[in-house]
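Following: one structure in structure tokens, then a few remarks.
Naming convention: chains lettered A, B, ... in sequence-line order (proteins, then strands); numbering from 1 in each chain. Values in this document were obtained by computation on a predicted structure and should not be read as measured data.
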Amino acid sequence: MVVMDKCEKVLELARRRGFFTIASELYGGVAGFLDFGPLGTLLKKRIEEKWRQVFIKQHQDFIFEIETSVVMPSKVFEASGHVEHFTDFIVECSKCGRKFRADHLIEEQVEDITGLEGMTPAQLTNIIREHHVVCPECGGELEEVQTFNLLFKTAVGPYTENIAYLRPEAAQGMFVNFKHLYYALRERLPLGLAQIGKVFRNEISPRQGPIRLREFTIMEIELFFDPENPSCSLLDRVENEVLRLVPEELVAKGVFEPVEVKVREAVEEKLILTEWQAYFMALATKFVEELGVPQKAQMFIGKPKEERAHYSAQTYDQMVKLDRWGWVEVSGHAYRTDYDLAGHMKFSGEDLRVFKKLPEKIVERKLIAKPRMQVLGKLFKEKAPLMANTIRESDPKWLREALEKGSCKIGGFEISKDCVEFVEEEVEVTGRRFIPHVAEPSFGAERLTYVALEYSYTEREDRVVLKLPRDLAPIQAAVFPLVSKPPLTEVALQIADVLRSLGYYIDYDDSGSIGRRYARVDEVGVPLVITIDYQTLEDDTVTLRDRDTWKQVRVPIKAVPEALERFLKGARLEELGVPV
RNA sequence: GCGGCCGUAGUCUAGCCUGGUCUAGGACGUCGGCCUUCCACGCCGAGGACCCGGGUUCAAAUCCCGGCGGCCGCACCA
């Protein structure tokens, strides 16, 4: 007997019964990609739907689901920082061939060195040469530092210079659409944009089956809020719920034991920087619990700065304990500040700030730099409007001082005194402009699908029973005639038809023994089986069998749809009929 | 990408060392039939595999080389 760990058993079940399997398997398979079969497709959809329920539908006044393009032009990811930062520095040992993260290696071997993140590979190579950084394994000399970018690259149309990337997160689709959606949604903050969709990351070597993927489904919200009014009005709904946190400071000390704090306390003690993050973390706990993971098998780990993504001021990763892989991240909760909108403002030249009225208008004397368009137009042609914006946005005092000394470089171009007119004006200030800040919860749907399977996988008498939460079950009920003979089969088919017409996924099976059929549906988590037996022919009743207890009750055929609905919503079997 | 181990039906496995009765054997599952009044019953039958490419040889699942893929470790991450 081969001993299988739980993960292997789950993967075996997933493959054998058509939940999911490695993609392109016909040609050997490609690590990091999954193909979902019928049951897996349904299960994943149910998980997505539950997420939608918890995170979007309950907030439909201010969180809106959108769907944006997977392929985005290079500029988007230059602005977002992904082209530059979504990379690893790799350096190879010339002697033993091992590869290392170059920046980590330098930090280990050179004292008091920081700021490696913004450097070029050449600079890092120089540091390695200067400080004689060597291979930590064999002491051999290191080769040139190289970068590896995790973005998948492609080209739009037949023009190879028209570089685009597959998005590594759905977030950028929300940021680039922020401005017009903000107006379409009537200029209100807080505003949440949500998205469920595919994202792509060219991981160097994904080895963890369905856990580490190169293509996966992200479920993400970008919650835009006013940094001067960052409170979350819904926080009191969850303020007494407990979060299991390992704050950054503890992580830095190597402590991975969570502390249990109430949501409100976590905010007051500044363990969590924004109320919105705290609110979403409370929802995330509940959401993952409803997928079958008890709270004690969950925690949030604070990411120290050097481990955070380039855009994040604070990140908590929601971790779930898995049988083989230990604590695995299922969601990330990042405080992205104004990083992304500021970046897109800079690269696009669009003003992505929002305007908010003050309670009373204020009159201010103000120096204003007015661009002289006649001059700018001649000098800069089509770039003139861009220059005008740059002039308006620059600090007028600074600009005037600089121009009085002659010319000045701004926005990459040289301008002279006659490009700008300075006027002192009384201005009515009726409001302020600012870049909204963003709190982002982000979940991986495939991981959660695996997690739900692992947590529901049980064995009973050498059989597999998949105790999925009833509302996640891909197939909601099965209908079996006790033996495969009319009229039992006919009655069973009628019941199956009725339930199907009501919108349920129903398995009908009349093959082999009844025991085998029960076993088959237990294995894929069908919560309820309706069995038609000889008594049905006498009194129009059928039995309902509970997957988890194997107990049965008897109900009239007419009562079956309502009984199923109540059962799926959590009713106990005994409430539905007469015990057999 | 590196190192170690590995690759035979859907799954598990026999065979490989010592090349040839291998037309590749078995078990479970699947499908069809018979049987069957509640938890993988029994009987009969069917379908289904040597990772890919090259080499050695009269002859390759078996020996050699290369590739691909998997698992474990290093590194990275939702």
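In this structure, A:Glu289 does not pair ionically with A:Lys296, as no charged nitrogen and carboxylate oxygen lie closer than 4.0 Å. Between A:Glu248 and A:Lys303, none of the side-chain N atoms (NZ, or NE/NH1/NH2) sits under 4.0 Å from a carboxylate O, so this pair counts as no salt bridge. Contact check on A:Arg52 versus A:Glu49 returns a salt bridge, with a Lys/Arg side-chain nitrogen under 4.0 Å from an Asp/Glu carboxylate oxygen.
The separation of B:C52 from B:U8, taken at their C1' atoms, amounts to 15 Å, rounded to a whole angstrom. Distance noted for atom P between B:G7 and B:C12: 12 Å (whole Å). Only the P atoms considered, B:G4 is 16 Å distant from B:C64, to the nearest whole Å. The separation of B:C39 from B:G45, taken at their C1' atoms, amounts to 26 Å, rounded to a whole angstrom. Of the C1' atoms belonging to B:A9 and B:U56, the separation is 29 Å, rounded to the nearest Å. Annotation: B:C71 and B:G48 have their C1' atoms spaced 26 Å apart (nearest Å). Nucleotides B:C50 and B:C35 place their P atoms 38 Å apart, quoted to the nearest Å. Comparing B:G47 with B:G33, their C1' atoms sit 15 Å apart, to the nearest whole Å.
Residues of residues 280-297 of chain A having a heavy atom closer than 4.0 Å to RNA chain B: none are found.
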Which pairs of donor and acceptor atoms, one on a side chain in residues 521-531 of chain A, lie under 3.5 Å apart (sequence neighbours left out)?
unit_1: A:Asp522; atom_1: OD1; unit_2: A:Arg545; atom_2: NH1; d: 3.0
unit_1: A:Asp522; atom_1: OD1; unit_2: A:Arg545; atom_2: NH2; d: 3.4
unit_1: A:Asp522; atom_1: OD2; unit_2: A:Arg463; atom_2: NH2; d: 3.1
unit_1: A:Asp522; atom_1: OD2; unit_2: A:Arg545; atom_2: NH2; d: 2.8
unit_1: A:Asp522; atom_1: OD2; unit_2: A:Trp550; atom_2: NE1; d: 3.3
unit_1: A:Glu523; atom_1: OE1; unit_2: A:Arg16; atom_2: NH1; d: 3.2
unit_1: A:Glu523; atom_1: OE1; unit_2: A:Arg17; atom_2: NH1; d: 2.9
unit_1: A:Glu523; atom_1: OE2; unit_2: A:Arg16; atom_2: NH1; d: 3.2
unit_1: A:Glu523; atom_1: OE2; unit_2: A:Arg16; atom_2: NH2; d: 3.0
unit_1: A:Thr531; atom_1: OG1; unit_2: A:Tyr518; atom_2: OH; d: 2.7

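A cation-pi arrangement is absent between A:Arg214 and A:Phe33 under the rule of less than 6.0 angstrom and at most 45 degrees off the ring axis. Stacking of A:Lys44 on the aromatic ring of A:Phe36 is recorded, both the 6.0 Å distance cut-off and the 45° axial limit being met. A cation-pi geometry, defined here as NZ or CZ lying under 6.0 Å from the six-membered ring centre and within 45° of its normal, does not hold between A:Arg167 and A:Phe200.
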Is there any protein nitrogen or oxygen under 3.5 Å from a nitrogen or oxygen in nucleotides 44-47 of chain B, and what are the pairs?
none

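For B:C77, neither phosphate oxygen OP1 nor OP2 lies less than 4.0 angstrom from any side-chain nitrogen or oxygen of A:Arg447.
Residue A:Asp539 qualifies as enclosed at atom CG: its count of foreign heavy atoms under 6.0 Å is above 12. Around atom NZ of A:Lys50, more than 12 heavy atoms belonging to other residues, nucleotides or ligands sit under 6.0 Å away.
Evaluation of the salt bridge (Lys or Arg N to Asp or Glu O under 4.0 Å) rule for A:Asp507 yields no partner, not counting sequence neighbours.
In RNA chain B, consecutive stretches of 3 or more Watson-Crick or G-U wobble pairs with both distances under 3.5 Å are given as paired ranges: B:1-7 with B:68-74, B:10-13 with B:25-28, B:30-34 with B:42-46, B:51-55 with B:63-67.
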Return a single string for nucleotides 33-40 of chain B, one symbol per nucleotide in 5' to 3' order, where B is base contact, S is sugar-phosphate-only contact and - is none, cutoff 4.0 angstrom on heavy atoms. ---BBBBB
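With the nearest nucleotide of RNA chain B identified for both A:Arg201 and A:Val30, A:Val30 has the one nearer the 5' end.
Of the possible donor and acceptor atoms, none in the side chain of A:Ser69 sits under 3.5 Å from a partner among the backbone N and O of A:Met72. Proximity of a side-chain donor or acceptor of A:Gln195 to a complementary backbone N or O of A:Thr68 within less than 3.5 Å is detected.
When the P atom of B:C77 is taken as reference, atom CG of A:Asn149 falls 13 Å away, rounded to whole Å. Going from atom CG of A:Leu213 over to atom P of B:C77 covers 16 Å, rounded to whole Å. When the C1' atom of B:U11 is taken as reference, atom CZ of A:Arg17 falls 14 Å away, rounded to whole Å.
A side-chain N or O of A:Ser511 and one of A:Arg520 form a donor-acceptor pair less than 3.5 Å apart.
Here the rule is side-chain contact (heavy atoms from CB on, under 4.5 Å) with A:Phe19, and of A:Thr449, A:Leu453, A:Leu42 only A:Leu453 fits it.
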